[in-house]
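Here it is: the structure, laid out below.
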Amino acid sequence: MYHRHHPAPQGMKFALGFSNGRSLIGVLTAGRPVSRFRDNGQTLEVTRLCVQRAYKNVCSKLYAAAARVAKEMGYHSLITYTLVEEAGSSLRAAGFRFDGISPGGSWRSHGRRRQDRHPTGPKKIWVMDLRTCKEK
């Protein structure tokens, strides 16, 4: 409901929340990669991250916690995507590396009509190798 540009994802492997002691101020969901080309059984994708703007460093803390959980679950890599105009500072702080730009596009096809409810432009791809990352 509070995400800037995406509806809720379909399914997940786990979700994390961050509290200020009184209320939930940030959430992260992780699941199988949306792209079938990246869904190799060893990769997990952060599918949503939503944090109230007033709180600093919560994004990178949630990303780092997701990496610890994914590694403990036996995954080898963690990926996520951001809009091209987003800097990715919290991703770098958590240990992700920029891995290029995806062309974007619609999930709609002739045989599978869908209504796009998300940005369809190019996205930055971010990757963390969980086998070599150090605990934060």
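Side-chain atoms are counted along with the backbone in the values below, which use heavy atoms only and exclude waters and symmetry mates. Sequential numbering from 1 along the given sequence is applied to the chain's residues.
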Worksheet item: Which value, rounded to the nearest 0.5 Å, describes the distance between Met128 atom CE and Arg92 atom CZ?
Response: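 It is 13.0 Å, given to the nearest 0.5 Å.
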Fill in: Full working for side-chain contact (heavy atoms from CB on, under 4.5 Å) between Thr80 and Phe96
CA-CA 9 Å; Thr80 195; Phe96 282 81; 4.2 Å; yes
Worksheet item: Yes or no on side-chain contact (heavy atoms from CB on, under 4.5 Å) for Val46 and Tyr81, after CA distance, side-chain angles and deciding distance?
Response: CA-CA 8 Å; Val46 172; Tyr81 298 84; over 6 Å; no
Worksheet item: Taking all atoms of both residues into account, what is the closest heavy-atom pair of Ser90 and Ser60, and its distance?
Response: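 Smallest heavy-atom distance, with atoms named: O-CB, 3.4 Å.
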Worksheet item: For Leu24, which fellow cluster members are found when Ile, Leu, Val, Met, Phe, Trp and Tyr are connected by side-chain heavy-atom distances below 4.5 angstrom, either directly or through intermediates?
Response: Val27
Worksheet item: Any sub-3.5 Å donor-acceptor pair from Asn40's side-chain atoms to Thr43's backbone N or O?
Response: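 Here the side-chain-to-backbone pair exists.
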Item to complete: For Leu62 and Gly26, work out which heavy atoms get closest and say how close.
Response: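 Taking Leu62 first and Gly26 second, the nearest heavy atoms are CD1-C, 3.9 Å.
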Worksheet entry | Minimal non-hydrogen separation, Thr47 against Ala30, with atom names | OG1-N, 4.1 Å
Discussion item. For residues Leu44 and Leu16: do they belong to one hydrophobic cluster (side chain heavy atoms under 4.5 Å, members Ile, Leu, Val, Met, Phe, Trp, Tyr)?
Written reply: yes
Practice prompt. Show your working on side-chain contact (heavy atoms from CB on, under 4.5 Å) between Ile125 and Ile101 and close with a plain yes or no.
Written response: CA-CA 6 Å; Ile125 305 166; Ile101 306 263; over 6 Å; no
Worksheet item: Between Ala94 and Ala64, which heavy-atom pair has the shortest distance, and what is it?
Response: CB-N, 4.0 Å
Worksheet item: Taking all atoms of both residues into account, what is the closest heavy-atom pair of Pro33 and Ile79, and its distance?
Response: CB-CD1, 4.2 Å
Discussion item. What's the separation between atom OG1 in Thr82 and atom NZ in Lys123, rounded to the nearest 0.5 Å?
Written reply: 9.5 Å
Fill in: Ser23 side, atom OG; Ile25 side, atom CD1 - distance, nearest 0.5 Å
7.0 Å
Worksheet item: Hey, are the side chains of Cys59 and Leu49 touching, using non-hydrogen atoms and a 4.5 Å cut-off?
Response: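 Of all side-chain heavy-atom pairs linking Leu49 with Cys59, at least one is under 4.5 Å.
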Worksheet item: Transitively linked via ILVMFWY side-chain contacts under 4.5 Å: Tyr75 with Val127?
Response: no
Practice prompt. Could you check His76 against Leu130 for side-chain contact (heavy atoms from CB on, under 4.5 Å), going step by step and ending with a plain yes or no?
Written response: CA-CA 5 Å; His76 293 182; Leu130 300 173; 5.7 Å; no
Discussion item. So Trp126 and Asp99, do their side chains get closer than 4.5 Å, heavy atoms only?
Written reply: no
Worksheet item: Just how far is it from atom OG of Ser77 to atom CD of Glu45, taken to the nearest 0.5 Å?
Response: 10.5 Å
Discussion item. To check you understand the geometry: which heavy-atom pair defines the closest contact between Lys124 and Val84, and what is its length?
Written reply: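 What the structure gives for the nearest pair is CE-O, 3.1 Å.
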